[in-house]
Amino acid sequence: MSEIRFDGRVAIVTGAGAGIGRMYAMELAARGAKVVVNDLGGSRDGTGASSSAADSVVDEIKAAGGEAVANYDNVATMEGGANIVKTAIDAFGKVDILINNAGILRDRSFLKMTEQEWDLVIAVHLKGAFCVTQPAITAMKANGYGRVIFTSSTSGLYGNFGQCNYGAAKMGVAGIMNTLKLELAKYDIKINTIAPTAYSRMTEDIIDENMGKKLRPQFNSPMVLYLCSEENQATGQIFVMGAGWYGRTAVVSGPGVCIGDAQRDITVEEIRDNFDKISDLEGCKPHDSGTSIFSYMMPLLS
Ligand code: NAI
């Protein structure tokens, strides 16, 4: 079996000073990549900043014989995103891989959530994905090669109590990916989204410690590194994982039902009478783009 290597590749991992991101950075470097270890070094709720988180991971990588540089910028600003990419280009000449991983939490039930809690979480996860990915893809297009990862969460994909801000941001990154996979289809730039599960600072108070021993951050790395490898040709997909389980998830549409003839009006009662068929997901499938949903309407449109 041939080994998957990243020799000659330059990778940026945001939020790589701890948790899951640290593991990506270490594994990429161990397999030959030159790594930019970005981390603002704040607390779980996004307050504060420190260079020590990124520095310690860079030290670990160097001690193991790898190559890495630290960056302490905030992913949530355009200046920060540009500077993270500039760090890679100044140190290593290019960007091949971007793993958008940085994240914070400000949990609160919907009715109690403040504007600040909403804005901050959206800024780091959703705007942050835009701020770093735009300059990174500009650099990737110049080289005709790239692998990009967005980090979603089951909280956004399926729901979780007290996380409407986080869930919206985490579903939002899949929306960015859905556009980018189309805009970059003609380049060798593959973009995928992952929803990891791990016992980390982010989850240590919600995951039982014993279960946490099995939800090691490391278990997310093999899947993410494969998606970041030259061999991977998948793009625009969402993968969920944890503890050694890996699977694909997708937004799907059921076959639904055609009512009327695209000319006569349709009544509320016809929706009621067809509601079981309309909401049935039997025979559902994912779609490559928004326009592919038109295939369901064809009996009416043609
Ligand atoms: P973590 O809290 O251990 O690590 C996140 C890192 O991001 C921290 O080192 C933090 O300093 C850094 N960071 C935060 N805001 C930043 C900013 N504005 N700019 C640069 N760096 C910043 O969390 P963990 O668990 O490793 O999470 C990594 C990613 O995976 C996050 O996006 C998180 O939302 C996501 N995730 C984690 C899950 C889990 O089970 N741990 C579940 C689903 C998603």
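Note that these values count all heavy atoms, side chains included, but never hydrogens, waters or copies made by symmetry. Whatever order the structure lists them in is the order used to number ligands and atoms, beginning at 1. Just so you know, these numbers come straight off a predicted model, no measurement behind them. The chain is numbered in sequence order, starting from 1.
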Asks: Do Asn71 and Asp73 get their side chains close enough for a donor-acceptor pair, meaning under 3.5 Å?
Replies: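 Yes - a donor-acceptor pair under 3.5 Å links their side chains.
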Asks: Is it the case that the side chain of Asp45 and the backbone of Arg106 share a donor-acceptor pair, with hydrogens and angles ignored and the cut-off at 3.5 Å?
Replies: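 Absent.
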Asks: Would you check if there is a donor-acceptor pair between the side chains of Asn100 and Thr133 at a distance under 3.5 Å?
Replies: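 Thr133 vs Asn100: donor-acceptor pair found between side chains.
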Asks: Heavy atoms under 4.0 Å from ligand 1: which residues qualify?
Replies: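 Within the 4.0 Å shell of ligand 1, which is judged on heavy atoms, sit Gly15, Ala18, Gly19, Ile20, Asn38, Asp39, Leu40, Gly41, Gly42, Asp73, Asn74, Val75, Asn101, Ala102, Gly103, Ile104, Val124, His125, Thr151, Ser152, Ser153, Tyr166, Lys170, Pro196, Thr197, Ala198, Ser200, Arg201, Met202, Thr203.
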Asks: Does NZ or CZ of Arg147 lie under 6.0 Å from the centre of the six-membered ring of Phe6, at an angle within 45° of the ring axis?
Replies: no
Asks: With a cut-off of 6.0 Å (strictly less than), are more than 12 heavy atoms of other residues, nucleotides or ligands near CG of Asp59?
Replies: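 Correct, the count exceeds 12.
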Asks: I'd like to know if the side chain of Asp119 pairs up with that of Gln116 as donor and acceptor (distance under 3.5 Å, no hydrogens or angles considered).
Replies: no
